[in-house]
Amino acid sequence: MKKSMLITGGARSGKSALAERYAVAATGRAIYISTADAHDDEMAARIAAHQARRGPEWSHIHAPFALADKLRQSDGGHPRLVDCLTLWLSNLILSDGDWRAETATLLDALADQTAPVIFVTNEVGAGIVPENRLARDFRDAAGWVNQTIAQACDEVVFCVAGYPMKVKSNDHSL
Amino acid sequence: MKKSMLITGGARSGKSALAERYAVAATGRAIYISTADAHDDEMAARIAAHQARRGPEWSHIHAPFALADKLRQSDGGHPRLVDCLTLWLSNLILSDGDWRAETATLLDALADQTAPVIFVTNEVGAGIVPENRLARDFRDAAGWVNQTIAQACDEVVFCVAGYPMKVKSNDHSL
Amino acid sequence: MKKSMLITGGARSGKSALAERYAVAATGRAIYISTADAHDDEMAARIAAHQARRGPEWSHIHAPFALADKLRQSDGGHPRLVDCLTLWLSNLILSDGDWRAETATLLDALADQTAPVIFVTNEVGAGIVPENRLARDFRDAAGWVNQTIAQACDEVVFCVAGYPMKVKSNDHSL
């Protein structure tokens, strides 16, 4: 099995469901690391809908911020699914965190992992340039994080209508 | 020839022109099923531009709502091109229709088809999260419809700059 | 080496860095044709960040408008990297230029080139339909330019998280 994978795609393109299938396929059990901060009802409903799809083969970790630490603490056993990098970045930016430094810390932790890690992230840069400066900065940061994590991952797929398209694949099987 | 195909992609990525080539290739004739509701001048102009590209090998059906019925009524002969699912979904949502139930009805009709069906749809979820709640709900619904129809189709392609990228392909030739 | 290539993708998907690697790979030197009009501080900062990545193997040409002329004048030696078509189109539209005629002129110049040309462009049509009419017109124009240039190019790639996905490839190697 590959050590690390990045699944990217637009909203509701089936990324999370695909990531869950990959994560459970390896050992029959997996650890879900949610980065969502349930700060409003809409987000809470979205989290609940995602959790309703998962069965007893899953355990859950909540990591809106200290993602690198949670990866280190959960290493050594079942695959981890990080869902998703875009919300993690958003949490960091909204709390004035240093997202470049945090990404470097995450890369260090990723390099030390022995059990697989699957990251879900979002494509946010394929629409019209946003009029809002903050939105432009966010999509620049999201693109930078996606590129940085993709470079460190063994496999990258782009999800369209529920199906994965191969973007990058190193030379070992998932 | 494959029985069903979904062509997705961004706006002006060449989806419709590609779908028209596929549709006519099979028998030299095809049926165009338009879901556009010409409710304003801009939409009317867009419809006219699309129709100007099509020749006498095409017959036309207008189906802003009862898409499943139109598929059943037009079955048995030439390929049908449904252009597009995103406008059909938009029509349903704007008229408070039950788009989940309508999608299930469409899947039932699709399963019964003997002549090919080619669906065109749009990727709307790869930009920044819209500030507008209705827009967020719409892109969630559009992504769900795309995944649902993709699962039922024999082939799915993602259109970029006029060219198809293979997303899914079952084991028979188009 | 292929004569012409189009690299498309979302914002911050790694298109420019990829294009630079391709351009320099052929002869060890390359010519950077920037279409950016440094009309504000944000754009000037973005241009500076791009230039900081390039080394002494690059020479630079500024072409916010007369792109076809600059291609003809710079032909015969090293590969040219045009970065990017979306800004060039934006410059034309904002100055009431005839972008369809300019695109035809660009195609004529491209057909006459002896040294390679690599175009970078942007996917802007995969988000929610913009409420702003001008934004809708722009994304239609951008999609049309991308399709038109893609048809004339020997190779087209779609860039995701820093990696190229093959869209179109004619029968000679880059």
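Below, chains carry the letters A, B, ... as their sequence lines are ordered, and counting in each starts from 1.
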Could you tell me whether a side-chain N or O of T86(C) sits under 3.5 Å from a main-chain N or O of N122(C), the two making a donor and an acceptor? yes
Could you please state which residues from residues 131-148 of chain B sit under 4.5 angstrom from chain C, measuring non-hydrogen atom to non-hydrogen atom, sorted by number, or 'none'? N132(B), A135(B), F138(B), R139(B)
Cation-pi check for Y32(B) against R80(B): NZ or CZ below 6.0 Å from the six-membered ring centre and within 45 degrees of the axis, yes or no? no
Can you tell me if W88(C) uses its side chain to pair, donor with acceptor, with the backbone of P64(C) under 3.5 Å? no
E155(B)/K168(B) ion pair, N-O < 4.0 Å: no
Do any N or O atoms from the side chain of D75(B) and from the backbone of T114(B) form a donor-acceptor pair under 3.5 angstrom? yes
Listed by number, the residues in residues 97-110 of chain B that come under 4.5 Å of chain C (heavy atom to heavy atom) are none
Side-chain donor-acceptor pair under 3.5 Å between Q113(C) and R72(C), yes or no? no
Say whether, by atom type as modelled, one donor and one acceptor occur between the side chain of D154(B) and the main chain of N170(B) under 3.5 angstrom. no
Distance-only, no hydrogens or angles: does the N91(B) side chain make a donor-acceptor pair with backbone N or O of T35(B) under 3.5 Å? yes
Let's test your reading of the structure: which of A161(B), A126(B), G10(B), S13(B) forms the most heavy-atom pairs below 4.5 Å with chain C? A161(B)
Side chains of T27(C) and H78(C): do they bring a donor and an acceptor to under 3.5 Å? yes
Does the S74(C) side chain pair with the main chain of K70(C), one donor and one acceptor, at a distance under 3.5 Å? yes
